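These numbers were taken from a predicted model, which means no experiment stands behind them. Just so it is clear, the values below take in all heavy atoms, side chains as well, and ignore hydrogens, waters and symmetry mates.
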Amino acid sequence: MGTLVGHVVPGFGFVLIGLWHLFNHIKLHLQHPNSYRAPIWFPASKFRYLELLLIILGSSASVAMELFISPEKHQPFDDDGTIPSNHLHNFEHASISMTFLVYAASAIVLNKLAPRAQHGLTQLLGAVAFGQQLLLFHLHSSDHLGPEGQYHLLLQLVILVSLITTLMGLGFPKSFLVSFVRSLSIFFQGLWLMVMGVMLWTPGLISKGCFLNDEEGHEVVKCQSEEARHRALSLVNLLFSWFLIGIAVFGVAFYLVLVKFYGEKVEYFTLGSDRESEEDDDVESQKRSNGEDLKSFVDHMGKTAFAPIDMER
């Protein structure tokens with residue numbers, strides 16, 4: 001994963017899943033606001049398990065890339081069967097992918113068997129996947145001091161939001177905002193991974209005073225001085241804050257666009273003469289209604305009063 005392609009490709013997968021969830025949660029909530037209940041995954045119209053199968057395929061490809069394709073010997077172990085230091089990060093990335101693979105495969109099995117706890121168990125497995133991702137990125141064996149470490153630290157904040165909102169989904173399955181924030185956080189994860197890949201492994205975009213250094217077959221951004229390192233970290237923080245603003249604006253704008261397509265149409269009126277005329281009409285209608293009720297009451301009382309006289313005759 002420690003390359004441009006190794007960050008951009010999985011990041012693109014997270015972006016697709018995040019957008020897919022965001023679109024479907026908004027659409028489902030707009031069409032069924034009163035009976036809305038957030039699913040953890042969405043079936044496709046023509047192929048039910050498309051989302052989960054894509055996760056399985058992507059995770060399997062990631063494991064194969066980390067453990068068998070990227071290593072020079074096409075296997076991650078040393079000659080004595082131990083894990084070499086320069087392949088520790090490969091096992092960490094592969095473990096994250098395997099957890100998402102287990103989640104997607106289990107979701108398919110649970111959907112086919114349809115036990116009563118299907119929704120809760122699937123949600124729990126999703127939380128386990130995000131928890132594993134957060135744990136391994138937090139305890140990452142790669143550089144924690146330079147710009148790459150700062151990118152990973154900020155990524156952990158987004159993963160934490162995904163984890164918390166997934167756990168909240170267990171207790172609040174009808175909350176649209178919980179699902180909305182979770183979908184945006186998954187989208188943000190993917191976008192930030194792609195940004196990491198481009199900014200860390202494109203020489204022309206590396207912060208001034210920093211450079212790519214080869215360490216045990218893994219290229220790491222190093223800085224020439226402490227001042228250059230602090231400047232690089234500050235630029236990463238600024239970049240994250242700008243993307244955070246952009247993601248928030250995008251989420252609200254995307255919601256408003258879908259409201260036009262799937263939301264109920266609301267008729268607006270201008271204040272002033274139109275409102276006054278409507279009020280006048282309401283007053284006249286009320287007067288007529290009151291007059292008719294009074295007339296009906298008088299007629300009824302008259303008939304009641306003269307009824308005994310008719311009987312005596």
Side-chain angles (χ1 to χ4, degrees), residues 1-14 55-105 125 128-160 163 189-190 192-203 205-207 209-226 228-229 232-233 236:
M1 195 175 185
T3 61
L4 188 150
V5 176
H7 282 78
V8 171
V9 173
F12 184 69
F14 274 97
I55 293 175
I56 291 174
L57 291 175
S59 299
S60 301
S62 175
V63 172
M65 183 66 69
E66 292 289 346
L67 300 183
F68 304 108
I69 298 176
S70 295
E72 294 181 1
K73 299 179 181 180
H74 298 294
Q75 59 90 12
F77 299 101
D78 217 335
D79 295 333
D80 59 356
T82 60
I83 301 175
S85 299
N86 62 326
H87 283 165
L88 285 173
H89 66 277
N90 296 98
F91 276 91
E92 292 166 353
H93 299 154
S95 298
I96 294 172
S97 299
M98 282 190 284
T99 313
F100 280 103
L101 190 155
V102 169
Y103 151 74
L125 288 171
V128 169
F130 287 128
Q132 175 86 303
Q133 185 187 19
L134 178 63
L135 175 67
L136 290 177
F137 273 126
H138 182 70
L139 303 175
H140 208 278
S141 59
S142 298
D143 177 35
H144 283 274
L145 298 177
E148 184 178 354
Q150 191 68 10
Y151 276 104
H152 279 103
L153 177 62
L154 295 172
L155 177 63
Q156 292 172 46
L157 296 178
V158 186
I159 298 172
L160 181 61
L163 172 60
Q189 273 194 61
W192 191 244
L193 280 170
M194 295 173 71
V195 170
M196 284 177 61
V198 173
M199 299 299 291
L200 288 174
W201 285 279
T202 303
L205 297 178
I206 296 175
S207 178
C210 301
F211 58 94
L212 277 174
N213 185 46
D214 194 335
E215 296 183 357
E216 298 180 341
H218 177 60
E219 289 186 324
V220 178
V221 176
K222 293 292 184 179
C223 298
Q224 297 173 347
S225 64
E226 191 67 16
R229 188 180 74 87
L233 298 186
V236 174

What's the spacing between Gln133 CD and Leu155 CG if we round to 0.5 Å?
6.5 Å
Okay, side chain of Asn213, backbone of Val220: is any donor-acceptor separation there less than 3.5 Å?
no
Distance-minimising heavy-atom pair for Leu134 and Leu163:
CD2-CD2, 4.0 Å
Below 6.0 angstrom between ring centroids: does that apply to Tyr103 and Phe130?
no
Could you check whether His7 and His93 have their ring centres less than 6.0 Å apart?
no
Would you indicate whether the side-chain heavy atoms of Val8 and Leu193 approach each other to under 4.5 Å?
no
Tell me whether the count of non-hydrogen atoms from other residues, nucleotides or ligands lying under 6.0 Å of CE in Met194 goes above 12.
yes
Going from CG on Leu200 to CD on Glu219, what distance comes out if it is rounded to the nearest 0.5 angstrom?
11.0 Å
With side chain to side chain contact (heavy atoms under 4.5 Å, CB included) as the test, would you mind laying out the steps for Ile206 and Phe211 before giving the verdict?
CA-CA 7 Å; Ile206 296 175; Phe211 58 94; 5.9 Å; no
Are side-chain heavy atoms of Phe77 and Thr82 found at a separation under 4.5 Å?
no
What is the distance from atom CG of Leu135 to atom CD of Gln156, rounded to the nearest 0.5 Å?
9.5 Å
Short question: side chain of Thr202, backbone of Val198 - any donor-acceptor pair under 3.5 Å?
yes
Could you check whether any side-chain heavy atom of Ile96 comes within less than 4.5 Å of a side-chain heavy atom of Phe100, counting everything from C-beta outward?
yes
Interatomic distance, CG@Leu160 vs CZ@Phe137, rounded to 0.5 Å, equals 14.0 Å
For a side chain to side chain contact (heavy atoms under 4.5 Å, CB included) check, start with the C-alpha distance between Ile55 and Leu101, then their side-chain angles and the critical distance, and finish with the verdict.
CA-CA 7 Å; Ile55 293 175; Leu101 190 155; over 6 Å; no
May I have the step-by-step check of side chain to side chain contact (heavy atoms under 4.5 Å, CB included) for Glu66 and Glu92, ending in yes or no?
CA-CA 9 Å; Glu66 292 289 346; Glu92 292 166 353; over 6 Å; no
Indicate the atoms forming the closest heavy-atom contact of Ala94 with Val63, along with that distance.
O-CG2, 3.7 Å
Residue pair Ser62 / Ser97: nearest heavy atoms and the distance that separates them
OG-OG, 2.7 Å
Tell me whether the count of non-hydrogen atoms from other residues, nucleotides or ligands lying under 6.0 Å of CZ in Phe91 goes above 12.
yes
Looking at Val221 and Cys210, what are the two nearest heavy atoms and their distance?
CG1-CB, 3.9 Å
For Glu226 and Arg229, work out which heavy atoms get closest and say how close.
OE2-NH2, 2.7 Å
Rounded at 0.5 Å granularity, tell me how far CZ in Phe14 sits from CD in Gln189.
5.0 Å
List the atom of Pro10, the atom of Val5, and the distance in Å for their closest heavy-atom pair.
CD-O, 3.8 Å
Is the closest side-chain heavy-atom distance between Trp192 and Val158 below 4.5 Å?
no
Find the distance between CD (Glu148) and NZ (Lys222) and round it off to the nearest 0.5 Å.
9.0 Å
